[in-house]
Amino acid sequence: MSLDLRSLAFGYGSRIVGSDLTLSLNTGEVLALLGPNGAGKTTLFKTMLGLLPVKAGEILLDGKPLAAWPRRERAARIAYVPQAHAVLFPFSVLDVVLMGRAARIAPFAMPSRHDRQVAVSALESLGMSGLAAKPYTEISGGERQLALIARALAQEPEILVMDEPSASLDYGNQMRVLAHIRALARQGLSIVLSTHNPDHAFLAADRVALLNGGKLAALGPPAEVLTPKALKELYDIDVVIGELEGSARICAPRLDRFLP
């Protein structure tokens, strides 16, 4: 399933955060969005999900305007992993993941055995089976983030939108999530994610979009887009980019430029 943004302007209330944005997300592709804080990444994602109205231009889901899709159908096709999620009630982790099945359950109906199995499988895929019965309010922030990813996977979407999915994870879980993202893309899932870590884009993304000042600054393969010059313009920091054995690329700051 494809998602196309054409000359898009986005924002909230009367404020325009970004404009003239044109890009596409193709079937089975991982697109990484990088940009400094305040660049409009989260606002863009909420507009792509239909949570905020389009200010100008259009968003097409499989060639059809996003606003023309019924909410339930849209929710069955696009899943969202937010940066943070506050729950006041001590639902079990499994129940939180099971909430991802809402778009596929008839109104007033109870989750079926199949729905529960999908939720259990989503937890298993992220190595979280042992936390299924624990209260969501009693697990760590990183574990909550993994639970949110499992909830999105339980939705069985065709497009997955992830807002800094690895921000609160330890190093091991960051690598596991990135590997899982690549595996999901190979299965045909289309994924767009935001990150501040160029290395994550090198590891997981097919293409990278740079958002700066509400404008699309660059779009293309990570090796072509993530250059020292582009990252200096984006984050105002000098970096070096090297190539490791196996053609893997890595980005590191130039310590001599800002440490005494």
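If you're wondering where the values come from, they're calculated on a predicted model, not measured in any experiment.
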Rounded to the nearest 0.5 Å, how far does [atom2] of [Y] lie from [atom1] of [X]?
| X | Y | atom1 | atom2 | answer |
| --- | --- | --- | --- | --- |
| F45 | M162 | CZ | CE | 10.0 Å |
| L8 | L216 | CG | CG | 11.0 Å |
| D62 | R77 | CG | CZ | 8.0 Å |
| I241 | C251 | CD1 | SG | 5.0 Å |
| R144 | R151 | CZ | CZ | 12.5 Å |
| I181 | L160 | CD1 | CG | 7.5 Å |

Are the side chain of [X] and the backbone of [Y] linked by a donor-acceptor contact shorter than 3.5 Å?
| X | Y | answer |
| --- | --- | --- |
| R249 | A223 | no |
| R254 | V240 | no |
| K46 | K41 | no |
| S190 | G28 | yes |

Kindly work out whether a path of hydrophobic side-chain contacts (I/L/V/M/F/W/Y, heavy atoms less than 4.5 Å apart) joins [X] to [Y].
| X | Y | result |
| --- | --- | --- |
| Y171 | L203 | yes |
| F89 | L131 | yes |
| L25 | F10 | yes |
| V96 | L98 | no |
| L123 | V118 | no |

What's the verdict on side-chain hydrogen bond (donor to acceptor under 3.5 Å, both in side chains) for D163 and S194, showing C-alpha distance, side-chain angles and the deciding distance?
-> CA-CA 5 Å; D163 197 353; S194 63; 2.9 Å; yes
How far apart are the closest heavy atoms of [X] and [Y], and which atoms are they?
| X | Y | result |
| --- | --- | --- |
| A201 | P222 | O-CG, 3.9 Å |
| H196 | G35 | CE1-O, 2.9 Å |
| T22 | S7 | OG1-N, 2.9 Å |
| P53 | T47 | O-CG2, 4.2 Å |
| A230 | L210 | CB-CD1, 3.9 Å |
| L169 | V177 | CD1-CG2, 3.6 Å |

With a 4.5 Å limit on heavy-atom distance, are the side chains of [X] and [Y] in contact?
| X | Y | result |
| --- | --- | --- |
| L23 | L31 | yes |
| T42 | Q83 | yes |
| T43 | L52 | yes |
| L148 | L146 | no |
| L60 | L66 | no |
| I105 | P111 | yes |
| V17 | Y12 | yes |
| L34 | Y235 | yes |

Can you run down the side-chain hydrogen bond (donor to acceptor under 3.5 Å, both in side chains) pairs that involve residues 206-233, sequence neighbours left out, and say none if there aren't any?
->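 Output for this query lists S19-K215, E29-R207, R182-D206, K232-D236.
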Residue pairs fulfilling side-chain hydrogen bond (donor to acceptor under 3.5 Å, both in side chains) with at least one residue in residues 66-76, sequence neighbours excluded =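 Passing the test, one end in residues 66-76: no pairs.
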Pick one: which of D238, V225, V239 meets side-chain contact (heavy atoms from CB on, under 4.5 Å) with L231?
->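 Passing option: V239.
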With a 3.5 Å cut-off and no angle check, do the side chains of T195 and E164 form a donor-acceptor pair?
->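 Checked: T195/E164 side chains show no N/O donor-acceptor pair below 3.5 Å.
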Check step by step if side chain to side chain contact (heavy atoms under 4.5 Å, CB included) holds for L44 and L5.
-> CA-CA 10 Å; L44 173 61; L5 283 57; 3.8 Å; yes
Decide side chain to side chain contact (heavy atoms under 4.5 Å, CB included) for L61 and I78; before the verdict, give the C-alpha distance in whole Å, the side-chain angles of both, and the deciding distance to 0.1 Å.
-> CA-CA 10 Å; L61 178 61; I78 307 177; 4.0 Å; yes
Under the side chain to side chain contact (heavy atoms under 4.5 Å, CB included) criterion, do I149 and H180 qualify, and how do the steps go?
-> CA-CA 11 Å; I149 295 172; H180 201 63; 5.5 Å; no
What do the steps show when you test R101 against D115 for salt bridge (Lys or Arg N to Asp or Glu O under 4.0 Å), and what is the final call?
-> CA-CA 7 Å; R101 300 296 297 168; D115 292 319; 2.9 Å; yes
Test side chain to side chain contact (heavy atoms under 4.5 Å, CB included) applied to L33 and L193, step by step = CA-CA 6 Å; L33 180 65; L193 62 90; over 6 Å; no
